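Below, chain A is the first sequence line, B the second, and so on; all start at residue 1. All values reported here derive from a predicted model rather than from experimental measurement.
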There are 2 protein chains.
Amino acid sequence: MATLKLDDFLPYRLSIASNRVSAAIASAYQALFGLKISEWRLVAVIAEGPGMTQQALGLATRMDKVTVSRAAAALVERGLVARQPNPGDQRSHMLALTATGQALYDDVAPKALELEARVFAGFSPAEIKAFRAMLDRIEASAAPFDPE
Amino acid sequence: MATLKLDDFLPYRLSIASNRVSAAIASAYQALFGLKISEWRLVAVIAEGPGMTQQALGLATRMDKVTVSRAAAALVERGLVARQPNPGDQRSHMLALTATGQALYDDVAPKALELEARVFAGFSPAEIKAFRAMLDRIEASAAPFDPE
DNA sequence: GCTATATCGTTTCATCTGAAACCAGTTGGA
DNA sequence: TCCAACTGGTTTCAGATGAAACGATATAGC
């Protein structure tokens with residue numbers, strides 16, 4: 001009979017570790033900038049490459065279009081993001097950071113990197129590289145089940 | 001100015017990988033056995049060591065007591081778990097698998113291990129060991145932020 | 001061109017989640 | 001032996017989530 005110790009079950013460990021990290025990040029962003037993770041992700045991607053539609057943002061952040069829609073609305077509401085008309089398609093808009101949004105990003109990004117550094121403190125660059133590579137492979141091998 | 005590519009941000013990658021794996025497992029359990037992940041975790045822990053209270057189960061599964069309460073109620077309702085009185089404390093019960101519950105567990109456990117194997121296919125034992133160790137360290141270094 | 005179908009984004013709704021209030025039972029201190 | 005404070009567990013409530021329905025625009029086939 002197969003026996004299974006929950007603590008040895010990798011999907012469980014992965015989930016616990018990920019939830020802890022997410023909770024840490026979420027509360028830091030919320031406290032420091034009033035941003036939810038979904039909003040922060042949008043800001044980061046828009047900063048990388050302005051002028052994306054929500055659909056493109058959804059792909060880039062792997063988030064549901066509903067989540068993107070709500071996060072974008074919140075950012076526009078707060079004046080961090082502006083919508084420009086999309087000449088080629090009137091259903092969508094191009095999103096870009098406002099000056100305020102850019103300033104916020106310039107403020108948030110270092111904090112994010114610092115948090116990351118804190119969580120992964122004590123890992124050598126080689127270990128981090130290996131970890132990243134494993135996440136890629138896991139993501140790929142679990143993707144088929146995930147409709148998205 | 002610090003720049004941050006979302007795709008290079010480890011907490012993000014960790015979250016995506018974990019969510020994919022969880023989604024895969026959740027849908028498999030739901031389809032095969034009608035179990036949610038919280039319910040499955042309870043079954044696994046109760047099988048390991050019967051006669052635990054919900055409070056102990058919460059610690060063992062790192063789940064909220066509300067989640068444990070609901071999962072336990074569902075399992076009792078389905079006749080997979082039975083509550084025995086706890087002689088030392090009438091507020092709580094000792095939970096154990098029924099024969100049906102045990103049979104289900106015997107059925108579920110191999111499938112779980114198989115799914116895990118599929119997701120982590122292509123990883124050497126050494127890689128898996130290293131990965132597990134990194135998850136432990138991440139969990140520990142993110143824990144201080146997490147009130148639980 | 002005109003209609004059928006597909007797509008972008010928002011809204012609705014049903015579900016899930018955990019914080020806080022709650023009830024029942026337990027414990028410690030006067 | 002009381003009663004105040006505490007603990008195990010359930011219920012309530014408010015917020016978050018995503019599937020499905022929707023409105024508006026785009027596109028393809030005729």
Side-chain angles (χ1 to χ4, degrees), chain A residues 15-16 18-20 22-27 29-31 34-42 46 51-77 81-95 145-148, chain B residues 15-16 18-20 22-27 29-31 34-42 46 51-77 81-95 145-148:
Chain A
S15 164
I16 297 294
S18 169
N19 288 344
R20 289 242 168 121
S22 291
I25 304 246
S27 76
Y29 285 2
Q30 185 59 255
L35 288 177
K36 298 182 194 177
I37 288 198
S38 58
E39 294 164 9
W40 147 249
R41 284 184 184 171
L42 245 48
I46 296 173
M52 300 175 79
T53 64
Q54 291 187 192
Q55 120 102 327
L57 289 169
L59 282 179
T61 57
R62 292 160 171 92
M63 297 193 304
D64 191 83
K65 67 178 177 171
V66 177
T67 310
V68 172
S69 171
R70 292 198 258 244
L75 293 172
V76 169
E77 170 72 21
V81 162
R83 302 188 208 250
Q84 327 251 213
N86 178 353
D89 189 335
Q90 311 218 155
R91 290 167 304 180
S92 58
H93 307 92
M94 314 284 246
L95 302 189
F145 306 90
D146 199 349
E148 169 209 354
Chain B
S15 164
I16 297 296
S18 169
N19 288 344
R20 289 243 167 121
S22 290
I25 303 244
S27 78
Y29 285 3
Q30 184 59 261
L35 288 177
K36 299 182 192 174
I37 288 198
S38 58
E39 294 164 9
W40 147 249
R41 284 183 183 171
L42 245 47
I46 296 174
M52 298 174 81
T53 64
Q54 290 186 193
Q55 121 101 327
L57 288 169
L59 282 179
T61 57
R62 291 161 171 90
M63 296 193 304
D64 189 83
K65 68 178 178 171
V66 178
T67 310
V68 172
S69 171
R70 292 198 258 244
L75 293 172
V76 168
E77 169 73 21
V81 160
R83 300 191 209 250
Q84 326 251 217
N86 178 352
D89 190 334
Q90 309 218 154
R91 289 168 305 180
S92 59
H93 306 92
M94 312 285 246
L95 302 188
F145 307 91
D146 198 350
E148 169 213 349

Spacing of [atom1] belonging to [X] relative to [atom2] belonging to [Y], to within rounding of 0.5 Å:
X: A/K65; Y: A/L57; atom1: NZ; atom2: CG; result: 14.5 Å
X: B/T53; Y: B/L59; atom1: OG1; atom2: CG; result: 8.5 Å
X: B/L42; Y: B/L35; atom1: CG; atom2: CG; result: 10.5 Å

Rounded to the nearest Å, what distance is computed from the [atom1] atom of residue [X] to the [atom2] atom of nucleotide [N]?
X: A/H93; N: D/dT25; atom1: NE2; atom2: P; value: 10 Å
X: B/R62; N: C/dT17; atom1: CZ; atom2: C1'; value: 19 Å
X: B/L75; N: D/dG9; atom1: CG; atom2: C1'; value: 16 Å
X: A/Q30; N: C/dG18; atom1: CD; atom2: C1'; value: 16 Å
X: A/Q90; N: C/dG9; atom1: CD; atom2: C1'; value: 14 Å
X: B/K36; N: C/dG18; atom1: NZ; atom2: C1'; value: 14 Å
X: A/Q55; N: C/dG9; atom1: CD; atom2: C1'; value: 10 Å
X: B/I37; N: D/dT17; atom1: CD1; atom2: C1'; value: 16 Å

Problem set entry | Pair A/Q55, A/R91: side-chain N/O donor-acceptor within cut-off below 3.5 Å | no

For this session: Could you say whether B/K65 or B/R70 is positioned toward the 5' end of DNA chain C, judged by the nucleotide with the nearest heavy atom to each?
Result: B/R70

Exercise. Hey, mind stepping through B/R62 and A/R20 against side chain to side chain contact (heavy atoms under 4.5 Å, CB included) and telling me if it holds?
Worked result: CA-CA 11 Å; B/R62 291 161 171 90; A/R20 289 242 168 121; 4.1 Å; yes

Exercise. Taking OP1 and OP2 of C/dT10, is either one under 4.0 Å from a side-chain nitrogen or oxygen of A/S69?
Worked result: yes

Exercise. Taking the nucleotide of DNA chain D with the closest heavy atom to each, which residue, A/T67 or A/P87, is nearer the 5' end?
Worked result: A/T67

Seminar exercise, completed: Ranking A/V66 and A/D89 by the position along DNA chain D of their nearest nucleotide, the one closer to 5' is A/V66

Seminar exercise, completed: Ranking C/dG25, D/dT11, C/dC8 by distance to the side chain of A/S92, first place goes to C/dC8

Exercise. So, does the side chain of B/R91 form a donor-acceptor pair with the base of C/dT26 at under 3.5 Å?
Worked result: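 A donor-acceptor contact between them is absent.
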
